[in-house]
S.K.: 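Could you have a look at this structure, given as C-alpha coordinates, before my questions?
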Protein chains: 2
Amino acid sequence: MTASDPGELDFWSFVELANRRLAREYGFRHQLATELLLTLNRASNIVTYDLEASVHRPRGLSWSGFRLLFVTWLAGPLESKKAAELTGMSRAAVSNLAKTLVSDGLLSREAGSRDGRSVLLSLTDTGHQEMVEVFRVHNEREDEWAGVLSPEEQRILIMLLDKLVTNRDQFDVRGRN
Amino acid sequence: MTASDPGELDFWSFVELANRRLAREYGFRHQLATELLLTLNRASNIVTYDLEASVHRPRGLSWSGFRLLFVTWLAGPLESKKAAELTGMSRAAVSNLAKTLVSDGLLSREAGSRDGRSVLLSLTDTGHQEMVEVFRVHNEREDEWAGVLSPEEQRILIMLLDKLVTNRDQFDVRGRN
DNA sequence: TGAAACTAGTACATCTATTAACTAATGTGA
DNA sequence: TCACATTAGTTAATAGATGTACTAGTTTCA
(Lines give C-alpha, C1' and ligand atoms only; values in the text may rest on other atoms or scores of the structure.)
Protein backbone atom coordinates (compact mmCIF):
# COMPACT_ATOMS: atom_id res chain seq x y z
CA MET A 1 0.00 0.00 0.00
CA THR A 2 2.04 2.91 -1.26
CA ALA A 3 -0.55 5.57 -2.12
CA SER A 4 2.06 7.25 -4.24
CA ASP A 5 -0.31 7.99 -7.08
CA PRO A 6 -1.54 11.50 -6.31
CA GLY A 7 -4.71 10.74 -8.17
CA GLU A 8 -5.69 8.33 -5.44
CA LEU A 9 -4.82 10.49 -2.48
CA ASP A 10 -7.45 10.92 0.18
CA PHE A 11 -6.93 12.34 3.63
CA TRP A 12 -5.68 9.11 5.18
CA SER A 13 -3.29 8.11 2.47
CA PHE A 14 -2.00 11.66 2.56
CA VAL A 15 -1.31 11.41 6.29
CA GLU A 16 0.48 8.14 5.67
CA LEU A 17 2.52 9.61 2.85
CA ALA A 18 3.32 12.70 4.88
CA ASN A 19 4.49 10.65 7.84
CA ARG A 20 6.71 8.52 5.71
CA ARG A 21 8.37 11.44 3.97
CA LEU A 22 8.71 13.56 7.09
CA ALA A 23 10.49 10.69 8.82
CA ARG A 24 12.60 9.23 6.05
CA GLU A 25 13.53 12.23 3.97
CA TYR A 26 13.64 14.93 6.61
CA GLY A 27 14.20 13.09 9.89
CA PHE A 28 11.32 14.66 11.78
CA ARG A 29 10.47 12.66 14.85
CA HIS A 30 7.01 13.48 16.10
CA GLN A 31 4.82 11.71 13.56
CA LEU A 32 2.13 10.70 15.97
CA ALA A 33 1.72 14.28 17.15
CA THR A 34 1.34 15.49 13.58
CA GLU A 35 -1.18 12.81 12.83
CA LEU A 36 -3.14 13.61 15.96
CA LEU A 37 -3.37 17.32 15.31
CA LEU A 38 -4.18 16.91 11.62
CA THR A 39 -6.97 14.53 12.54
CA LEU A 40 -8.29 16.75 15.30
CA ASN A 41 -8.38 19.78 13.05
CA ARG A 42 -10.04 17.90 10.25
CA ALA A 43 -12.70 16.26 12.40
CA SER A 44 -13.65 19.55 13.98
CA ASN A 45 -13.87 21.32 10.62
CA ILE A 46 -16.00 18.64 9.03
CA VAL A 47 -18.50 18.49 11.85
CA THR A 48 -18.67 22.24 12.29
CA TYR A 49 -19.10 22.87 8.60
CA ASP A 50 -21.93 20.38 8.41
CA LEU A 51 -23.78 21.84 11.38
CA GLU A 52 -23.38 25.35 10.07
CA ALA A 53 -24.44 24.49 6.53
CA SER A 54 -27.30 22.17 7.37
CA VAL A 55 -28.72 23.78 10.50
CA HIS A 56 -27.71 27.38 10.98
CA ARG A 57 -27.14 29.07 7.63
CA PRO A 58 -30.56 28.08 6.36
CA ARG A 59 -32.00 30.00 9.32
CA GLY A 60 -29.82 33.00 8.78
CA LEU A 61 -27.35 32.31 11.60
CA SER A 62 -23.60 32.00 11.31
CA TRP A 63 -21.78 29.40 13.36
CA SER A 64 -20.33 32.10 15.60
CA GLY A 65 -23.69 33.76 15.87
CA PHE A 66 -25.16 30.50 17.08
CA ARG A 67 -22.40 29.99 19.60
CA LEU A 68 -22.80 33.43 21.06
CA LEU A 69 -26.55 33.06 21.33
CA PHE A 70 -26.11 29.59 22.80
CA VAL A 71 -23.95 30.69 25.74
CA THR A 72 -26.13 33.75 26.27
CA TRP A 73 -29.21 31.59 26.28
CA LEU A 74 -27.96 29.13 28.87
CA ALA A 75 -25.61 31.23 30.98
CA GLY A 76 -26.93 34.74 30.38
CA PRO A 77 -27.27 37.51 31.07
CA LEU A 78 -23.55 37.57 30.50
CA GLU A 79 -20.85 40.17 30.36
CA SER A 80 -19.33 40.51 26.92
CA LYS A 81 -15.96 39.44 28.29
CA LYS A 82 -17.37 36.22 29.71
CA ALA A 83 -19.15 35.45 26.46
CA ALA A 84 -15.83 35.80 24.64
CA GLU A 85 -14.17 33.37 27.05
CA LEU A 86 -16.91 30.77 26.82
CA THR A 87 -17.17 30.87 23.05
CA GLY A 88 -13.42 31.16 22.48
CA MET A 89 -13.80 34.31 20.42
CA SER A 90 -11.90 37.56 20.80
CA ARG A 91 -13.62 40.45 22.58
CA ALA A 92 -13.67 42.35 19.33
CA ALA A 93 -15.44 39.48 17.58
CA VAL A 94 -18.11 39.37 20.26
CA SER A 95 -18.58 43.10 19.98
CA ASN A 96 -19.01 42.97 16.19
CA LEU A 97 -21.23 39.94 16.29
CA ALA A 98 -23.40 41.36 19.05
CA LYS A 99 -24.03 44.41 16.93
CA THR A 100 -25.51 42.36 14.12
CA LEU A 101 -27.46 40.06 16.45
CA VAL A 102 -28.95 43.08 18.19
CA SER A 103 -30.04 44.53 14.89
CA ASP A 104 -31.54 41.15 14.01
CA GLY A 105 -33.60 41.48 17.15
CA LEU A 106 -32.21 38.36 18.79
CA LEU A 107 -29.89 39.84 21.36
CA SER A 108 -30.19 42.72 23.77
CA ARG A 109 -27.47 44.79 25.40
CA GLU A 110 -27.63 46.88 28.55
CA ALA A 111 -24.99 48.57 30.61
CA GLY A 112 -23.71 46.51 33.52
CA SER A 113 -24.63 47.91 36.93
CA ARG A 114 -21.71 46.51 38.87
CA ASP A 115 -19.06 47.74 36.44
CA GLY A 116 -19.79 50.84 34.36
CA ARG A 117 -17.59 49.64 31.53
CA SER A 118 -19.28 46.32 31.04
CA VAL A 119 -22.15 45.35 28.81
CA LEU A 120 -24.64 42.67 29.71
CA LEU A 121 -25.84 40.47 26.89
CA SER A 122 -29.14 38.66 27.07
CA LEU A 123 -31.61 37.16 24.65
CA THR A 124 -34.70 38.98 23.52
CA ASP A 125 -37.95 37.02 23.60
CA THR A 126 -37.57 36.43 19.89
CA GLY A 127 -33.99 35.30 20.43
CA HIS A 128 -35.07 32.89 23.13
CA GLN A 129 -37.81 31.39 21.00
CA GLU A 130 -35.45 31.12 18.07
CA MET A 131 -32.80 29.32 20.12
CA VAL A 132 -35.25 26.75 21.44
CA GLU A 133 -36.29 25.98 17.89
CA VAL A 134 -32.84 26.04 16.35
CA PHE A 135 -31.41 23.92 19.07
CA ARG A 136 -34.02 21.26 18.53
CA VAL A 137 -32.68 20.75 15.00
CA HIS A 138 -29.08 21.27 16.08
CA ASN A 139 -29.30 18.69 18.84
CA GLU A 140 -30.80 16.05 16.55
CA ARG A 141 -27.97 16.63 14.11
CA GLU A 142 -25.40 16.42 16.88
CA ASP A 143 -26.84 13.12 17.88
CA GLU A 144 -26.55 11.79 14.36
CA TRP A 145 -22.86 12.65 14.42
CA ALA A 146 -22.12 11.40 17.90
CA GLY A 147 -24.24 8.31 17.38
CA VAL A 148 -21.50 6.76 15.29
CA LEU A 149 -19.68 6.20 18.58
CA SER A 150 -20.98 4.26 21.56
CA PRO A 151 -21.68 6.32 24.69
CA GLU A 152 -18.60 4.79 26.21
CA GLU A 153 -16.47 5.83 23.25
CA GLN A 154 -17.96 9.30 23.38
CA ARG A 155 -17.01 9.62 27.02
CA ILE A 156 -13.47 8.49 26.34
CA LEU A 157 -13.18 10.92 23.47
CA ILE A 158 -14.40 13.80 25.62
CA MET A 159 -11.99 12.82 28.35
CA LEU A 160 -9.02 12.68 26.00
CA LEU A 161 -9.85 15.96 24.29
CA ASP A 162 -10.23 17.56 27.66
CA LYS A 163 -6.95 16.18 28.86
CA LEU A 164 -5.28 17.46 25.71
CA VAL A 165 -6.22 21.06 26.39
CA THR A 166 -6.43 21.33 30.16
CA ASN A 167 -2.84 20.43 30.87
CA ARG A 168 -1.71 23.26 28.68
CA ASP A 169 -0.54 25.45 31.52
CA GLN A 170 2.51 23.21 31.57
CA PHE A 171 3.82 25.25 28.67
CA ASP A 172 3.26 28.71 27.38
CA VAL A 173 0.14 28.65 25.22
CA ARG A 174 -1.00 31.52 23.08
CA GLY A 175 -4.67 32.30 23.52
CA ARG A 176 -6.97 35.00 22.20
CA ASN A 177 -7.40 38.41 23.81
CA MET B 1 -21.29 21.67 42.88
CA THR B 2 -23.74 24.03 41.27
CA ALA B 3 -21.58 26.52 39.38
CA SER B 4 -24.59 28.76 39.21
CA ASP B 5 -22.64 31.93 39.93
CA PRO B 6 -21.90 33.34 36.48
CA GLY B 7 -18.81 35.04 37.86
CA GLU B 8 -17.22 31.63 38.32
CA LEU B 9 -18.16 30.12 34.98
CA ASP B 10 -15.40 28.49 33.02
CA PHE B 11 -15.84 26.21 30.02
CA TRP B 12 -16.49 23.08 32.04
CA SER B 13 -18.91 24.52 34.50
CA PHE B 14 -20.69 26.08 31.54
CA VAL B 15 -21.05 22.70 29.85
CA GLU B 16 -22.40 21.29 33.06
CA LEU B 17 -24.83 24.14 33.48
CA ALA B 18 -25.91 23.90 29.85
CA ASN B 19 -26.53 20.18 30.11
CA ARG B 20 -28.60 20.58 33.22
CA ARG B 21 -30.77 23.31 31.80
CA LEU B 22 -31.17 21.70 28.37
CA ALA B 23 -32.38 18.52 30.03
CA ARG B 24 -34.47 19.81 32.91
CA GLU B 25 -35.97 22.98 31.54
CA TYR B 26 -36.27 22.11 27.88
CA GLY B 27 -36.29 18.33 27.74
CA PHE B 28 -33.53 17.95 25.17
CA ARG B 29 -32.18 14.44 25.18
CA HIS B 30 -28.77 14.30 23.55
CA GLN B 31 -26.56 15.85 26.22
CA LEU B 32 -23.57 13.68 25.59
CA ALA B 33 -23.56 14.59 21.92
CA THR B 34 -23.65 18.29 22.75
CA GLU B 35 -20.83 17.88 25.20
CA LEU B 36 -18.76 15.93 22.72
CA LEU B 37 -19.12 18.43 19.92
CA LEU B 38 -18.55 21.45 22.14
CA THR B 39 -15.39 19.84 23.45
CA LEU B 40 -14.17 18.84 20.01
CA ASN B 41 -14.69 22.30 18.62
CA ARG B 42 -13.00 23.93 21.57
CA ALA B 43 -9.99 21.63 21.61
CA SER B 44 -9.37 22.15 17.92
CA ASN B 45 -9.69 25.93 18.19
CA ILE B 46 -7.34 26.20 21.14
CA VAL B 47 -4.61 24.08 19.59
CA THR B 48 -4.94 25.67 16.17
CA TYR B 49 -4.89 29.17 17.55
CA ASP B 50 -1.79 28.46 19.53
CA LEU B 51 0.07 26.97 16.57
CA GLU B 52 -0.92 29.82 14.32
CA ALA B 53 -0.04 32.52 16.84
CA SER B 54 3.17 31.02 18.14
CA VAL B 55 4.62 29.40 15.01
CA HIS B 56 3.12 30.71 11.80
CA ARG B 57 2.04 34.34 12.18
CA PRO B 58 5.48 35.40 13.40
CA ARG B 59 6.85 34.07 10.13
CA GLY B 60 4.24 35.76 8.03
CA LEU B 61 2.13 32.68 7.33
CA SER B 62 -1.56 32.24 8.05
CA TRP B 63 -2.82 28.90 9.29
CA SER B 64 -4.45 28.20 5.94
CA GLY B 65 -1.33 29.29 4.13
CA PHE B 66 0.66 26.80 6.12
CA ARG B 67 -1.80 24.02 5.46
CA LEU B 68 -1.78 24.62 1.74
CA LEU B 69 2.01 24.73 1.61
CA PHE B 70 2.16 21.63 3.80
CA VAL B 71 0.11 19.43 1.49
CA THR B 72 1.86 20.83 -1.55
CA TRP B 73 5.23 20.14 0.03
CA LEU B 74 4.53 16.52 0.82
CA ALA B 75 2.09 15.48 -1.88
CA GLY B 76 2.88 17.98 -4.61
CA PRO B 77 2.82 18.86 -7.38
CA LEU B 78 -0.90 18.86 -6.81
CA GLU B 79 -3.96 19.92 -8.73
CA SER B 80 -5.77 22.79 -7.07
CA LYS B 81 -8.83 20.63 -6.62
CA LYS B 82 -6.88 17.97 -4.77
CA ALA B 83 -5.25 20.56 -2.54
CA ALA B 84 -8.71 21.82 -1.60
CA GLU B 85 -9.81 18.31 -0.70
CA LEU B 86 -6.77 17.53 1.40
CA THR B 87 -6.82 20.81 3.29
CA GLY B 88 -10.59 20.91 3.65
CA MET B 89 -10.82 24.35 2.05
CA SER B 90 -13.13 25.44 -0.74
CA ARG B 91 -11.70 25.66 -4.26
CA ALA B 92 -12.16 29.40 -4.18
CA ALA B 93 -10.17 29.64 -0.97
CA VAL B 94 -7.31 27.68 -2.50
CA SER B 95 -7.39 29.89 -5.56
CA ASN B 96 -7.21 33.10 -3.50
CA LEU B 97 -4.61 31.77 -1.13
CA ALA B 98 -2.44 30.47 -3.97
CA LYS B 99 -2.45 33.92 -5.48
CA THR B 100 -0.89 35.45 -2.39
CA LEU B 101 1.53 32.59 -1.82
CA VAL B 102 2.71 32.86 -5.41
CA SER B 103 3.34 36.56 -4.99
CA ASP B 104 5.21 35.77 -1.77
CA GLY B 105 7.46 33.56 -3.88
CA LEU B 106 6.62 30.39 -1.98
CA LEU B 107 4.34 28.65 -4.42
CA SER B 108 4.41 28.12 -8.15
CA ARG B 109 1.56 27.43 -10.55
CA GLU B 110 1.61 25.87 -13.97
CA ALA B 111 -1.08 24.60 -16.30
CA GLY B 112 -1.82 20.90 -15.99
CA SER B 113 -0.90 18.86 -19.06
CA ARG B 114 -3.42 16.08 -18.63
CA ASP B 115 -6.39 18.40 -18.16
CA GLY B 116 -6.33 21.84 -19.75
CA ARG B 117 -8.52 23.34 -17.06
CA SER B 118 -6.39 22.28 -14.15
CA VAL B 119 -3.58 24.06 -12.38
CA LEU B 120 -0.63 22.30 -10.79
CA LEU B 121 0.67 23.71 -7.55
CA SER B 122 4.20 23.10 -6.39
CA LEU B 123 6.66 24.73 -4.01
CA THR B 124 9.36 27.05 -5.21
CA ASP B 125 12.85 26.45 -3.84
CA THR B 126 12.29 29.22 -1.35
CA GLY B 127 8.96 27.68 -0.41
CA HIS B 128 10.57 24.32 0.13
CA GLN B 129 13.31 25.73 2.31
CA GLU B 130 10.79 27.74 4.27
CA MET B 131 8.61 24.69 4.91
CA VAL B 132 11.48 22.60 6.19
CA GLU B 133 12.33 25.36 8.64
CA VAL B 134 8.80 26.21 9.68
CA PHE B 135 7.91 22.60 10.15
CA ARG B 136 10.83 22.07 12.48
CA VAL B 137 9.29 24.60 14.87
CA HIS B 138 5.76 23.43 14.15
CA ASN B 139 6.56 19.81 14.86
CA GLU B 140 8.22 20.59 18.19
CA ARG B 141 5.17 22.55 19.19
CA GLU B 142 2.88 19.73 18.10
CA ASP B 143 4.85 17.39 20.27
CA GLU B 144 4.46 19.65 23.29
CA TRP B 145 0.71 19.51 22.79
CA ALA B 146 0.44 15.82 22.07
CA GLY B 147 2.92 14.98 24.81
CA VAL B 148 0.27 15.55 27.44
CA LEU B 149 -1.19 12.23 26.29
CA SER B 150 0.60 8.89 26.25
CA PRO B 151 1.25 7.40 22.81
CA GLU B 152 -1.47 4.89 23.53
CA GLU B 153 -3.94 7.63 24.39
CA GLN B 154 -2.95 9.52 21.26
CA ARG B 155 -3.65 6.46 19.15
CA ILE B 156 -7.03 5.96 20.75
CA LEU B 157 -7.88 9.61 20.24
CA ILE B 158 -6.92 9.44 16.57
CA MET B 159 -8.95 6.29 16.14
CA LEU B 160 -12.04 7.78 17.74
CA LEU B 161 -11.81 11.05 15.80
CA ASP B 162 -11.41 9.08 12.64
CA LYS B 163 -14.38 6.89 13.42
CA LEU B 164 -16.45 9.98 14.15
CA VAL B 165 -15.96 11.38 10.66
CA THR B 166 -15.53 8.37 8.42
CA ASN B 167 -18.90 6.84 9.11
CA ARG B 168 -20.58 9.98 7.95
CA ASP B 169 -21.82 8.53 4.69
CA GLN B 170 -24.51 6.92 6.82
CA PHE B 171 -26.31 10.25 6.71
CA ASP B 172 -26.36 13.20 4.42
CA VAL B 173 -23.43 15.42 5.36
CA ARG B 174 -22.86 18.90 4.01
CA GLY B 175 -19.31 19.40 2.79
CA ARG B 176 -17.51 22.20 1.05
CA ASN B 177 -17.41 22.62 -2.72
C1' DT C 1 -6.85 61.64 47.34
C1' DG C 2 -4.93 61.46 43.09
C1' DA C 3 -1.80 59.63 39.48
C1' DA C 4 -0.61 55.41 37.16
C1' DA C 5 -1.77 50.98 35.77
C1' DC C 6 -5.20 48.11 34.28
C1' DT C 7 -9.53 46.48 32.18
C1' DA C 8 -14.08 46.33 29.23
C1' DG C 9 -15.72 47.42 25.20
C1' DT C 10 -15.64 49.58 20.50
C1' DA C 11 -13.86 51.44 15.97
C1' DC C 12 -11.12 50.83 12.19
C1' DA C 13 -8.25 48.90 8.71
C1' DT C 14 -6.90 44.63 6.93
C1' DC C 15 -7.20 39.96 5.69
C1' DT C 16 -9.58 35.60 4.75
C1' DA C 17 -13.29 32.75 3.64
C1' DT C 18 -17.79 32.05 1.67
C1' DT C 19 -21.27 31.69 -2.06
C1' DA C 20 -22.69 32.59 -6.63
C1' DA C 21 -21.84 33.63 -11.15
C1' DC C 22 -18.80 33.12 -14.86
C1' DT C 23 -15.17 31.16 -18.36
C1' DA C 24 -13.17 27.62 -20.48
C1' DA C 25 -12.09 22.76 -21.04
C1' DT C 26 -13.79 18.08 -20.94
C1' DG C 27 -17.08 14.20 -21.16
C1' DT C 28 -21.24 11.96 -22.92
C1' DG C 29 -24.68 10.06 -25.80
C1' DA C 30 -28.13 10.60 -29.47
C1' DT D 1 -20.08 14.93 -34.44
C1' DC D 2 -22.42 18.19 -32.10
C1' DA D 3 -25.29 19.87 -28.40
C1' DC D 4 -25.62 19.44 -23.25
C1' DA D 5 -24.09 18.57 -18.97
C1' DT D 6 -20.04 18.55 -15.93
C1' DT D 7 -16.00 20.03 -14.03
C1' DA D 8 -11.65 23.11 -12.73
C1' DG D 9 -10.56 27.30 -11.65
C1' DT D 10 -11.21 32.31 -11.08
C1' DT D 11 -13.66 36.48 -9.91
C1' DA D 12 -16.59 39.60 -7.34
C1' DA D 13 -19.52 40.84 -3.59
C1' DT D 14 -20.18 40.08 1.05
C1' DA D 15 -19.59 38.64 5.66
C1' DG D 16 -16.77 37.69 9.53
C1' DA D 17 -12.53 37.69 12.34
C1' DT D 18 -8.09 39.67 13.56
C1' DG D 19 -4.92 43.07 15.77
C1' DT D 20 -4.25 47.76 17.03
C1' DA D 21 -5.45 51.79 18.89
C1' DC D 22 -8.66 54.36 21.39
C1' DT D 23 -12.24 55.78 25.13
C1' DA D 24 -13.87 55.48 29.42
C1' DG D 25 -14.46 53.26 33.91
C1' DT D 26 -12.00 50.91 37.88
C1' DT D 27 -8.30 49.56 41.00
C1' DT D 28 -4.12 50.26 43.39
C1' DC D 29 -1.11 52.28 46.46
C1' DA D 30 2.03 56.08 47.68
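What you see below is based on every heavy atom in this structure, not just the backbone, and it leaves out hydrogens, waters and symmetry mates. We name chains A, B, ... by the order of the sequence lines, and we start the count at 1 in each one.
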S.K.: Within 45° of the six-membered ring axis of A/F11 and under 6.0 Å from that ring's centre, is NZ or CZ of A/R42 located there?
M.R.: yes
S.K.: The side chain of A/K81 is closest to which nucleotide in this list: D/dA24, C/dG9, C/dA20?
M.R.: C/dG9
S.K.: Assuming nearest nucleotide by heavy-atom distance, tell me which of B/T100 and A/L120 is located more 5' along DNA chain C.
M.R.: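 Whichever sits nearer the 5' end wins; that is A/L120.
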S.K.: What is the distance from CH2 of A/W63 to P of C/dT16, rounded to the nearest Å?
M.R.: 24 Å
S.K.: Quick one: are A/K81 and A/V94 in side-chain contact, heavy atoms under 4.5 Å?
M.R.: no
S.K.: What is the separation between atom CG on A/L61 and atom C1' on C/dT18, rounded to the nearest whole Å?
M.R.: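 The distance from CG of A/L61 to C1' of C/dT18 comes to 16 Å, rounded to the nearest Å.
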S.K.: Check every strand shown and say whether B/N96 touches a base, only sugar-phosphate, or nothing at a heavy-atom separation below 4.0 Å.
M.R.: base
S.K.: In whole angstrom, give the distance that lies between atom CZ of A/R91 and atom P of D/dA21.
M.R.: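 To the nearest whole Å, that distance equals 14 Å.
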S.K.: D/dT11 phosphate, OP1 or OP2: any side-chain N/O from B/K99 under 4.0 angstrom?
M.R.: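 For D/dT11, OP1 or OP2 has a side-chain N or O of B/K99 closer than 4.0 Å.
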S.K.: For B/S90 and C/dT18, is the shortest distance between a side-chain N/O and OP1 or OP2 below 4.0 Å?
M.R.: yes
S.K.: Quick check on D/dA17: is either OP1 or OP2 less than 4.0 Å from any side-chain nitrogen or oxygen of B/Y49?
M.R.: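 False: B/Y49 side-chain N/O out of range (4.0 Å or more) of D/dA17 OP1/OP2.
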S.K.: Nearest whole angstrom, please: distance from the C1' of C/dT26 to the CZ of B/R117.
M.R.: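 That distance rounds to 5 Å.
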S.K.: Does the ring center of B/Y49 lie less than 6.0 Å from the ring center of B/W63?
M.R.: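 No, too far apart.
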S.K.: Would you kindly compare A/G88 and B/S95 by the position of their nearest DNA chain D nucleotide and give the one closer to the 5′ end?
M.R.: B/S95
S.K.: If I take atom CZ in residue A/R114 and atom C1' in nucleotide C/dA8, what distance separates them, rounded to the nearest angstrom?
M.R.: 11 Å
S.K.: Given C/dA11, C/dG9, D/dG9, which nucleotide is nearest the side-chain atoms of B/S80?
M.R.: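 The answer is D/dG9, which lies nearest to the side chain.
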S.K.: Can you tell me how far P of C/dT16 sits from NE2 of B/H56, to the nearest Å?
M.R.: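 After rounding, the reported distance stands at 14 Å.
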S.K.: Find out whether the Lys NZ or Arg CZ of B/R21 is both under 6.0 angstrom from the six-membered ring centre of B/Y26 and within 45° of the ring's axis.
M.R.: no
S.K.: Going by an N to O cut-off under 4.0 Å, is there a salt bridge joining A/K82 and A/E79?
M.R.: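 Salt bridge between A/K82 and A/E79, a charged N being under 4.0 Å from a carboxylate O: no.
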S.K.: Report the distance from atom CD of B/E79 to atom P of D/dT10, rounded to the nearest whole Å.
M.R.: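 In whole Å, D/dT10 P and B/E79 CD are 12 Å from each other.
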S.K.: Roughly how many Å is it from CZ in A/R57 to P in C/dA20, rounded to a whole number?
M.R.: 11 Å
S.K.: Check whether any side-chain nitrogen or oxygen of A/R109 sits under 4.0 Å from OP1 or OP2 of C/dT10, and answer yes or no.
M.R.: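 Result: yes.
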S.K.: Select base, sugar-phosphate, or nothing to describe what A/S62 touches, counting heavy atoms under 4.0 Å on all strands.
M.R.: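 Sugar-phosphate contact only.
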